[in-house]
Amino acid sequence: MLTYYTATTLDGFLADPEDSLDWLLRQPHDEDGPFGFDAFMAGVGAVVMGSTTYEWVLAHEGGNWPYSLPAWVMTSRNPALVDGADIRFASGDVRPVHAAMTAAAGGRRLWLVGGGDLAGQFAEAGLLDEVVVSIAPVTLGAGRPLLPRRLDLQLVEAGVNGAFVGARYRVTGPLLEDRS
Ligand SMILES: NC(=O)c1ccc[n+]([C@@H]2O[C@H](COP(=O)([O-])OP(=O)(O)OC[C@H]3O[C@@H](n4cnc5c(N)ncnc54)[C@H](OP(=O)(O)O)[C@@H]3O)[C@@H](O)[C@H]2O)c1
C-alpha cells in the first residue's frame, strides 16, 4: 500500500516557487488529532521522495536525516549522502523501487513524501493506492504542484485538524474521461 501523505495549499501546491514551506509551518494543528503525522508514521515501513524534497528535508533539519526507516531518493544526480542514514538513490522506472520498498517495509505501508510529479509516476505505473492531504487555508497561485496528472479518486474519509481540512482518497485510476 503506497500512500502519498502530504500537506497542500487550497489551490494545489506543495511548496511555493522557491520551495518555501513557511506558509505551512505557521498553521495551527494538533499532532495527535485527525490525520496527524505521528499516527500515520507509526504504520510506515519505507519512504520515497524526489531529490528536491530530500534536499529541503536536509536543509530544514540542519543537515541531519530525520527518518530511521529505509528511504529511497529519486535522482539522476549524486546528492550528498548523510552519514549513517538508511538511504538509497534510484532513478528512472519507479516499479523496481516500489518492489524494493515493499520487500523492506515488513508488511507496513509505504510513504510517498513528494513531490507531485513523482506521485504521478507511481500513479501511471498503477502503484499509487492512496492520497492523504491536509489542506492549508492558503493559496499561492504558483509553486510545486500537488499531483499534476489526470486521475479519478474516491473520497474515503475527511476531517478537521486545526487550520487544516484532512482528506483520504483511494486512487481509482486514470480520469474516467481518458479511459478508452
Ligand atoms: N507540503 C508538503 O507537505 C510537502 C511534502 C513534500 C515535499 N514538499 C516540498 O515540495 C517541493 C517538491 O519539489 P518537486 O516538485 O521538485 O519534487 P521532488 O519530487 O521533491 O523532486 C523532483 C526531482 O526529483 C528527481 N526525480 C524525480 N523522479 C525521478 C526519477 N524517476 N528518476 C530520477 N530522478 C527523479 C529529479 O531531480 P534530479 O534528477 O535533478 O535529482 C526531479 O527534478 C519541495 O520543495 C519539497 O520540500 C512539500
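Just follow the structure's listing: the first ligand is 1, and inside any ligand the first atom is 1. In what follows, residues are counted from 1 in the order of the sequence shown. Computation of the quantities below employed the complete heavy-atom set of this structure, encompassing side-chain atoms and omitting hydrogens, waters and symmetry-equivalent molecules.
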Please confirm whether the ring centroid of [X] lies under 6.0 Å from the ring centroid of [Y].
{"X": "Y54", "Y": "W56", "result": "no"}
{"X": "W111", "Y": "F37", "result": "yes"}
{"X": "F13", "Y": "W23", "result": "no"}

Counting distance only, does the side-chain N/O of [X] pair as donor-acceptor with the main-chain N or O of [Y] below 3.5 Å?
{"X": "Y4", "Y": "L146", "value": "yes"}
{"X": "D16", "Y": "D19", "value": "yes"}
{"X": "T172", "Y": "D152", "value": "yes"}
{"X": "N161", "Y": "D30", "value": "yes"}

For [X], is at least one N or O under 3.5 Å away from an N or O on ligand 1?
{"X": "G92", "answer": "yes"}
{"X": "S76", "answer": "yes"}
{"X": "A7", "answer": "yes"}
{"X": "L118", "answer": "no"}
{"X": "W56", "answer": "no"}
{"X": "G115", "answer": "yes"}

Identify, by atom number and element, the atoms of ligand 1 in contact range of S91, meaning under 4.0 Å from any of its heavy atoms.
32 (N), 33 (C)
Under a 4.0 angstrom heavy-atom cut-off, which atoms of ligand 1 come close to V113?
5 (C), 6 (C)
Short check: is a protein heavy atom less than 4.0 Å from atom 43 (O) of ligand 1?
no
Just by distance, no angles: are the side chains of T52 and R144 close enough, under 3.5 Å, to form a donor-acceptor pair?
no
Return yes when M49 approaches ligand 1 closer than 4.0 angstrom through a heavy atom, no otherwise.
no
Does ligand 1 have any atom that is closer than 4.0 Å to a heavy atom of D117?
no
Any non-hydrogen side-chain atom of R88 less than 4.5 Å from a side-chain atom of P70?
yes
Side chain, backbone, both or neither: the part of R144 lying under 4.0 Å from ligand 1 by heavy atom:
side chain
Top protein contact for [atom], by heavy-atom distance:
{"atom": "atom 2 (C) of ligand 1", "value": "T6 OG1, 3.2 Å"}
{"atom": "atom 36 (C) of ligand 1", "value": "S51 OG, 3.9 Å"}
{"atom": "atom 26 (N) of ligand 1", "value": "M74 O, 3.5 Å"}
{"atom": "atom 41 (O) of ligand 1", "value": "T75 OG1, 2.5 Å"}
{"atom": "atom 31 (N) of ligand 1", "value": "Q121 OE1, 2.7 Å"}
{"atom": "atom 20 (O) of ligand 1", "value": "T53 OG1, 2.6 Å"}
{"atom": "atom 48 (C) of ligand 1", "value": "L14 O, 3.3 Å"}
{"atom": "atom 21 (O) of ligand 1", "value": "T52 OG1, 3.0 Å"}

For a quick test of reading the model, state the closest non-hydrogen atom pair linking V138 to D11 and the distance between them.
O-OD1, 3.9 Å
With side-chain contact (heavy atoms from CB on, under 4.5 Å) as the test, would you mind laying out the steps for M101 and V48 before giving the verdict?
CA-CA 8 Å; M101 291 175 71; V48 61; 3.6 Å; yes
Decide, yes or no, whether a salt bridge links D117 with R149 under the criterion of side-chain N to carboxylate O below 4.0 Å.
yes
